[in-house]
Amino acid sequence: MTAKKVFSLVFVRNASEILLGMKKRGFGQGKWNGFGGKIEPGETIPEGAVRELQEECGLIAKELKNVGLLEFKFEGDPTLLEVHVFETHEYHGSVIESEEMLPKWYNLKNIPFKNMWLDDEHWFPYMLRGEFFKGHFLYRGEDLILKYNIQVLDKL
Ligand SMILES: Nc1nc(SCCc2ccccc2)c2[nH]cnc2n1
């Protein structure tokens, strides 16, 4: 039976920029990414997304839009990572560095894909076009995608 771990991943946006964080430790260390983490028992996925965003960069999302779903498998590991992707354009607070993340605003024309997870370059265009997407990626290690598919879904 495949074990499943559920994560949130939040991208903070303004008209021309996206807030990314350099992961300072743990899973995905050394990569720019959105803000997120494991959904804890007793919290909803959006609640976990808001919590992780504030813990990792200090911002409090006033609204969250679910923009996609990503599933990751790593060859040799039975665990399926289910990642719920969100965007927020309405937030308050000030961006601060945390133990987990070093935040930095990037122009949408200059996203540092070379220092991000390999899959991001495949699905970011769907997110930036405002299309609700579902992607499945099979990795060998962290640096090789063996196969993937991405589909645009009509938002439920
Ligand atoms: N962009 C992206 N993100 C993740 S993990 C995101 C969820 C997460 C997990 C653990 C700590 C914080 C956040 C990926 N995994 C494989 N490809 C990937 N691409």
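Note that ligands are numbered from 1 as they come in the structure, with each ligand's atoms numbered from 1 the same way.
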Give a yes or no on this: more than 12 heavy atoms of other residues, nucleotides or ligands lie within 6.0 Å of atom OH of Tyr148. no

Lys/Arg N to Asp/Glu carboxylate O, Glu71 vs Lys4, below 4.0 Å: no

I'd like a table of the close N/O pairs between ligand 1 and the protein (anything under 3.5 Å), one pair per line with both atom names and the distance.
unit_1	atom_1	unit_2	atom_2	d
ligand 1	1 (N)	Asn33	OD1	3.0
ligand 1	1 (N)	Asp120	OD1	3.0
ligand 1	1 (N)	Asp120	OD2	3.2
ligand 1	3 (N)	Asn33	ND2	3.0
ligand 1	17 (N)	Asp119	OD1	2.7
ligand 1	19 (N)	Asp119	OD1	3.4
ligand 1	19 (N)	Asp119	OD2	3.1
ligand 1	19 (N)	Asp120	OD1	3.2

Do Ile96 and Cys57 come close enough that some side-chain heavy atom pair is under 4.5 Å? no

Electrostatic pair Arg51:Glu55 at N-O distance under 4.0 angstrom: yes

Lys/Arg N to Asp/Glu carboxylate O, Glu82 vs Lys5, below 4.0 Å: no

Using ring pair (Phe, Tyr, Trp, His ring centres under 6.0 Å) as the criterion, point out the one residue from Phe11, Tyr106, Trp32 that pairs with Phe124. Phe11

